[in-house]
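Structure first, commentary second.
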Amino acid sequence: MAYLILGQVAMNYWLVKSEPSVWSWDQQVAKGAKGEAWTGVRNYTARQSLVAMKKGDKAFFYHSNEGKEIVGIAEIIKEAYPDPTDKTAKFVCVDIKADKPLKMPVTMAAIKAEKKLADMALVKYSRLSVQPVTAEEWKLVCKMGGM
DNA sequence: GCCAACGTTGGC
DNA sequence: GCCAACGTTGGC
């Protein structure tokens with residue numbers, strides 16, 4: 001059932017992945033409140049999530065390949081618009097800013113070890129770079145991250 | 001560095 | 001529209 005908080009639909013939660021050698025959490029933090037365009041997504045499943053993102057939604061920031069851990073929480077500050085780096089004009093991007101780091105990064109190993117997180121897209125669809133996170137998953141990962 | 005998973009491309 | 005070949009992602 002959908003419910004309302006102060007007249008707004010409850011926010012949605014997401015997870016975005018980046019190889020830290022390409023774009024890291026620290027680089028995201030350095031961009032501050034004005035954030036940065038999350039470009040380069042070239043997968044239609046991931047695109048669906050980008051389109052569904054609303055301003056104010058939160059997203060886990062995951063480091064793939066190196067680290068393999070959720071390191072921080074980002075906030076969507078601009079909803080989907082055409083990705084300027086996409087010559088085919090089919091794909092979109094959003095702008096995100098760093099919100100806050102997790103006190104303790106939550107590793108892929110820790111997520112796999114937690115039975116309640118077995119259905120996370122991060123585990124089931126390991127190649128998907130932008131994905132939804134349920135409110136239950138969000139809460140649990142935050143707790144594991146010392147938040 | 002390997003390779004499984006899986007999305008995309010292109011010949012038919 | 002099918003499907004084999006190919007390319008990419010990302011965990012290990």
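Since the structure is predicted, the reported quantities are computational estimates derived from the model, not experimental observations. Numbered from 1 within each chain, the chains take letters A, B, ... in sequence-line order.
A:Arg42 places its CZ atom 16 Å from the C1' atom of C:dG7, with the value rounded to the nearest Å. Rounded to an integer number of Å, the gap from A:Leu128 CG to B:dA4 P is 21 Å. Rounded to a whole Å, the CG atom of A:Asp86 is 15 Å from the C1' atom of B:dT8. Going from atom CZ of A:Arg127 over to atom C1' of B:dA5 covers 6 Å, rounded to whole Å. Computed from coordinates, the A:Asn65 CG to C:dT8 P distance equals 15 Å when rounded to whole Å. Here C:dC12 presents its P atom at 16 Å from CD of A:Glu66, a figure rounded to the nearest Å. Atom CD in A:Gln48 sits about 14 Å away from atom C1' in B:dG7, given to the nearest Å. Rounded to whole Å, atom C1' of B:dA4 lies 16 Å from atom OH of A:Tyr125.
At a threshold of 4.5 Å between non-hydrogen side-chain atoms, the residues A:Val92 and A:Val51 count as touching. When side chains are defined from C-beta on, A:Trp25 counts as touching A:Pro101, because their heavy atoms get closer than 4.5 Å.
Using a distance-only test at 3.5 Å, with no hydrogens or angles considered, a donor-acceptor pair links the side chain of A:Lys17 to the main chain of A:Leu128.
Set against C:dC12, C:dG10, B:dC6, the side chain of A:Ser64 has C:dG10 as its closest nucleotide.
A:Tyr44 comes within 4.0 angstrom of sugar-phosphate atoms only, judged by non-hydrogen atoms across all strands, and of no base.
Enclosure of atom OH in A:Tyr125 is not indicated, since only 12 or fewer non-hydrogen atoms of other residues, nucleotides or ligands lie within 6.0 angstrom.
With ring centers used as reference points, A:Phe60 lies 6.0 Å or more from A:Tyr13.
The distance from atom CD1 of A:Ile111 to atom CG of A:Leu140, rounded to the nearest 0.5 Å, is 9.5 Å. With rounding to the nearest 0.5 Å, the separation of CG in A:Asn12 from CE in A:Met53 is 9.5 Å.
Residues of residues 109-124 of chain A having a heavy atom closer than 4.0 Å to DNA chain C, listed by number: A:Lys112. Heavy-atom distances under 4.0 Å link DNA chain B to no residue of residues 14-26 of chain A.
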Would you sort out whether A:Trp23 and A:Gln28 count as a side chain to side chain donor-acceptor pair (under 3.5 Å), showing the intermediate values? CA-CA 7 Å; A:Trp23 184 255; A:Gln28 186 69 56; 2.9 Å; yes
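Between A:Trp14 and A:Asp57, the side chains place a donor N or O and an acceptor N or O closer than 3.5 Å (distance only, hydrogens not considered).
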